[in-house]
Amino acid sequence: MAGFTDLREKLKSMTPHRDTVFEHSNGEKRKYRESDDDDDSEYEERRDAEARKVKSGIKQASIFTQEECALIEAKIDEVVAKADKGLYREHTVDRAPLRNKYFFGEGYTYGSQLEKRGPGQERLYSKGEVDEIPDWVHELVIDRLVTHGVIPEGFVNSAVINDYQPGGCIVSHVDPIHIFERPIVSVSFFSDSALCFGCKFQFKPIRVSEPVLHLPVRRGSVTVLSDYAADDITHCIRPQDIKERRAVIILRKTRPDAPRLDSDSRSPSIHSSERRHILKAKRSHRKADPDAAHRPRILEMDKELQRRSLSSRQRRHGDSSSENSWRRTEEREPGSRHTHDHAPTRRVKMRRH
Ligand code: SIN
Ligand code: MN
């Protein structure tokens with residue numbers, strides 16, 4: 001895509017980076033070095049233990065044939081074309097460099113759309129503010145998953161299509177726990193890629209730490225996240241893992257008690273003054289900036305970094321101070337960690353917004 005810097009180019013010279021300190025998902029700071037054998041083996045053991053916990057919360061199935069993939073991919077292209085013609089509702093389409101999102105059934109505010117950013121701040125849009133789930137998603141995707149016993153009938157009320165260009169990414173995040181039930185189901189199209197768990201992103205220049213788990217997500221494969229994999233570790237798509245255009249359809253169910261913005265400002269659920277603080281103008285509807293194409297494109301990461309959810313522990317304890325999110329190393333302060341009762345070796349770093 002003309003004007004967008006492919007982030008893989010930057011990563012090539014950076015990862016892994018000798019003598020670079022990365023903070024891993026278990027809170028350990030560690031330098032990349034070639035020896036330190038004892039430390040290394042202890043560290044590897046802990047990573048392996050965590051990888052096993054992640055794996056226990058992942059199911060994958062290969063359900064869609066090449067032909068079925070091609071049919072669904074043609075439908076995704078129709079969605080893209082319809083969006084390009086401006087035929088969807090305001091909040092259905094969210095454009096970012098190297099990654100566009102299309103929300104159906106339910107949509108929600110996140111990242112830079114929020115005036116008050118941070119964990120647990122995401123809100124569903126009021127009913128009808130995004131387009132309905134297209135019939136083809138039900139017929140070609142959801143019904144097949146129901147038939148194969150992946151999800152129960154009637155489970156899905158939210159379908160999001162992410163369309164990535166080469167070098168696009170989604171930074172580490174947990175799907176908001178106060179918005180979405182588990183499991184989180186996704187189906188991959190157009191090309192093979194990988195979903196990574198427990199990566200730390202650093203910016204300027206961009207670096208991504210080694211994942212706790214690198215999970216191939218092949219074209220036509222279905223990935224189901226629950227338990228530890230969904231709630232207790234972040235997942236991301238790294239720029240180097242999107243080598244060709246890739247799309248994913250994410251199928252989820254919203255929680256009945258998920259907070260929702262109300263289009264009627266007189267509604268008691270969220271007062272208009274609060275609503276003004278929560279919701280800013282969406283990027284996709286801002287006027288195009290003629291210089292934008294000439295600036296380094298790390299905005300996608302900045303935006304996704306803010307899309308966070310509360311960990312299950314925080315949720316149980318009513319702590320809405322943060323999601324399971326990673327702060328940039330340069331912003332980190334001592335004492336900003338919480339420890340999960342049920343995951344004693346794992347500390348969650350908090351991002352202040
Ligand atoms: C996401 O979790 O937001 C995207 C996952 C994917 O692209 O497979
Ligand atoms: Mn996600």
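Each residue takes its place number in the sequence, starting with 1. Just so it is clear, the values below take in all heavy atoms, side chains as well, and ignore hydrogens, waters and symmetry mates.
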Quiz prompt | Cationic tip of R99 above Y164 ring, under 6.0 Å, 45° of axis | solution = no
Would you call [X] and [Y] a side-chain contact if the rule is heavy atoms closer than 4.5 Å?
{"X": "D77", "Y": "F190", "answer": "yes"}
{"X": "K243", "Y": "D192", "answer": "no"}
{"X": "V187", "Y": "V248", "answer": "no"}
{"X": "H173", "Y": "H235", "answer": "yes"}
{"X": "Y228", "Y": "E50", "answer": "yes"}

Counting distance only, does the side-chain N/O of [X] pair as donor-acceptor with the main-chain N or O of [Y] below 3.5 Å?
{"X": "S186", "Y": "I250", "result": "no"}
{"X": "Q66", "Y": "R219", "result": "no"}
{"X": "S193", "Y": "D241", "result": "yes"}
{"X": "S221", "Y": "V217", "result": "no"}
{"X": "T109", "Y": "R123", "result": "yes"}
{"X": "R245", "Y": "Q165", "result": "no"}

Self-check item: Test side-chain hydrogen bond (donor to acceptor under 3.5 Å, both in side chains) applied to D257 and H178, step by step
Solution: CA-CA 8 Å; D257 58 353; H178 63 297; over 6 Å; no
Practice problem: Hey, can you tell me if Y88 and F104 have their rings parallel, tilted or perpendicular (30° and 60° cut-offs)? | Solution: perpendicular
Test: [X] and [Y] ion pair at under 4.0 Å:
{"X": "D227", "Y": "R182", "value": "no"}
{"X": "D84", "Y": "R95", "value": "yes"}
{"X": "E68", "Y": "R144", "value": "yes"}
{"X": "R46", "Y": "E42", "value": "yes"}

How many angstroms lie between [atom1] in [X] and [atom2] in [Y], if you round to the nearest 0.5 Å?
{"X": "F189", "Y": "I249", "atom1": "CZ", "atom2": "CD1", "result": "4.5 Å"}
{"X": "K101", "Y": "T92", "atom1": "NZ", "atom2": "OG1", "result": "13.5 Å"}
{"X": "E90", "Y": "D131", "atom1": "CD", "atom2": "CG", "result": "11.5 Å"}
{"X": "L195", "Y": "Q60", "atom1": "CG", "atom2": "CD", "result": "8.5 Å"}
{"X": "C169", "Y": "Q240", "atom1": "SG", "atom2": "CD", "result": "9.0 Å"}

Quiz item: Regarding S188 and R218, is there a side-chain donor-to-acceptor distance under 3.5 Å anywhere?
Solution: no
Quiz item: Is a side-chain donor-acceptor pair under 3.5 Å present for N157 with K253?
Solution: no
Looking only at heavy atoms, which two atoms of [X] and [Y] are closest? And how far apart?
{"X": "H214", "Y": "P211", "answer": "CB-CG, 4.1 Å"}
{"X": "E244", "Y": "I242", "answer": "O-CG2, 3.3 Å"}
{"X": "A230", "Y": "I184", "answer": "CB-CD1, 4.1 Å"}
{"X": "I133", "Y": "S158", "answer": "CD1-N, 3.9 Å"}
{"X": "S172", "Y": "T234", "answer": "CB-OG1, 3.5 Å"}
{"X": "L213", "Y": "A51", "answer": "CD1-CB, 4.5 Å"}

Practice problem: Apply salt bridge (charged side-chain N to carboxylate O under 4.0 Å, His left out) to the pair R252 and E106, showing each step before the final yes or no. | Solution: CA-CA 9 Å; R252 293 176 289 201; E106 293 283 5; over 6 Å; no
Quiz item: Could you go step by step and tell me if Y108 and F180 meet the ring-ring contact (aromatic ring centres under 6.0 Å, His included) rule?
Solution: CA-CA 11 Å; Y108 62 105; F180 294 110; 5.2 Å; yes
Quiz item: Which one of L98, I170, V171, I206 satisfies the side-chain contact (heavy atoms from CB on, under 4.5 Å) criterion with P239?
Solution: I206
Quiz prompt | Qualifying residue for side-chain contact (heavy atoms from CB on, under 4.5 Å) with F64, from V222, L140, L71 | solution = V222
Exercise. Before giving the answer on side-chain hydrogen bond (donor to acceptor under 3.5 Å, both in side chains), spell out for S126 and D262 the whole-Å C-alpha distance, their side-chain angles and the decisive distance to 0.1 Å.
Key: CA-CA 5 Å; S126 54; D262 217 306; 5.6 Å; no
Quiz item: Can you check salt bridge (charged side-chain N to carboxylate O under 4.0 Å, His left out) on E210 and R47, steps first, answer last?
Solution: CA-CA 11 Å; E210 282 302 304; R47 275 177 83 81; 5.8 Å; no
Quiz item: Between I142 and I151, does a side-chain contact (heavy atoms from CB on, under 4.5 Å) hold up when you go through it step by step?
Solution: CA-CA 8 Å; I142 298 172; I151 36 171; 4.3 Å; yes
